[in-house]
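Some notes on the structure that comes next.
As a basis for the values below, the full set of heavy atoms in this structure was taken, side chains included, without hydrogen atoms, waters or symmetry mates. Whatever order the structure lists ligands and atoms in, that order sets their numbers, starting from 1. Just so we're clear, the structure is a prediction, and the values are computed from it rather than from any experiment.
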Amino acid sequence: MSTMYRYALPVELTEWKFDGAVETRFTWEYDDERQGLLALYDKGKKQQWDAALRIDWSQDLDPENPMMLDDRLIPIYGSAIWDRLTDKEKVQVRHHQQASTISQFMHGEQGALIATAKIVQSVPDLDSKFYAATQVMDEARHVEAYSRLLHEKFELAYPITPGLKALLENGLSDNRWDMTYLTMQVLIEGLALAAFQRLRDFAGNPLAAAVNAYVMQDEARHVAFGRLALRDYYPELSDAERDEREAFVVEACYHMRDRFNQWEVWERLGLPAEECVQVLMASDTMKQFRTRLFSRIVPTVKDIGLWGPRVQKAFEDMGVLSFGEIDAQAMLDNDGRVAEAFDAKKRVADVIGSAAAD
Ligand SMILES: [Fe+2]
Ligand SMILES: [Fe+2]
C-alpha cells in the first residue's frame, strides 16, 4: 500500500527537491590507493547481504508494544500526562512513538543513500569512490528494510521531521565533499548508530532487533570510512577552514539535541505537545538517554581532528565530553560481531559480554 496511506500526518507533496550543488570529479590516477580505504572497500564487497533473505520477515510485531520496548524508554513515561492515559491510549502511544522513530530512520537512510551517491561523484580519489559505491548499495538496503518494517508490520509511518529535514538540507546543499561526509558519515550516522543500538540491544521483538543489528554492521563500516577519509584530510586545512567545520559540528549537535523531540507524535495523539516536550527535556532518564546518543559522535569528532576549544566547550556543556575517551574502533568492531551473533541466533551478551547492552 502506498506510503501516502500509511502516514499518520498529511503529507502535501510526494517529493522534495532542492539544489544540492555538486562538483563532478574524475580522476585519471588509478593506482594511488590507500590501504586502509581499500581494506574497507574489500570488506564492503564481502559483507553485502540481501534484506529479503537474511531477515525472517515471517515474524510479527507485538500488537500491544510493537518492538517490545520497556515503557521507561518512552519520553513521557512516569509523567502526569502518562499516568492519565488509559491502557488503550498507552498502546497507541507505543505504536505511534515507535513508528515515528523507525520512520525517521527510513528518511535518514534515504538521505544517506543520496549523500553517498553524491560522494561517489564529488570525492577526488578513486579508493574513496570505490568504497562509497559499496555504501550506496548498503543504504538502498537500509531504506528497503526500514520501509518494509513500517509498511508491512507497523502499517503506519510519519513524515520526515523539520529538524531532520533542516540538517539534511544543510549538509546536502554544500558542494564541498568533506561537508557531505561530516554531516552524514560522522554526525547523522553517528547519532543513528546510537539510536539503532538501543533498539538492537533492548527490543524484545526479534524482528526489530535483527533489522537494527544488520543495519549497524554496515553503519559501522560507514563511520569507519568517514573517520579514515577525514583524518587524512582535516590536518591539511588552514585554521580558518577547520574552525568553520568545528562551528558546524557545534551547531549541528545542539540542533540534534534540542530539536529531535517527537513533537509531531504528541500533537497527532492529541496530547499537550509543549508539556510533553518539557517533560522530555526535564526527565533525568531522558537526559541520560539524549546524552548517550552522542556516544558515537564525540570519539569520531575527536579522532578526525576537529577538537579545538569551541568543540570541547560545547561537548562539556552538553555533558558528553567524556565520550572522547571511548575507543571508537573497538565499538565499531563489536557492531560487526553482534550482527554475526544474530545470524547464529546467539545471545548478544554471550558473544561480546555485557558491554553491548550498556
Ligand atoms: Fe544506512
Ligand atoms: Fe550508512
Tell me, with the steps shown, if Arg141 and Asp218 meet salt bridge (Lys or Arg N to Asp or Glu O under 4.0 Å).
CA-CA 10 Å; Arg141 181 189 311 121; Asp218 295 342; 2.8 Å; yes
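With hydrogens and angles left out, the side-chain atoms of Ser122 and Glu23 include no donor and acceptor closer than 3.5 Å.
Summary: ND1 is the N/O/S atom of His142 found nearest to the Fe ion (ligand 1). Between the Fe ion (ligand 1) and the N, O or S atoms of Glu109, the shortest distance is to OE1. Looking only at its N/O/S atoms, Glu219 has OE1 as the one nearest to the Fe ion (ligand 2). Looking at Glu189 and the Fe ion (ligand 2) together, the shortest N, O or S contact belongs to OE2.
Here Glu139 contributes OE2 and His222 contributes ND1, and at the Fe ion (ligand 2) these two atoms make an angle of 90°, given to 10°.
Hydrophobic clustering (ILVMFWY, side-chain heavy atoms < 4.5 Å, transitive): Ile102 and Met68 are in distinct clusters.
Each of Glu189, His142, Glu219 was scored for a side chain to side chain contact (heavy atoms under 4.5 Å, CB included) with Phe196, with one residue passing: Glu219.
Note that the CD1 atom of Ile119 and the CD atom of Gln185 stand 4.5 Å from one another [nearest 0.5 Å].
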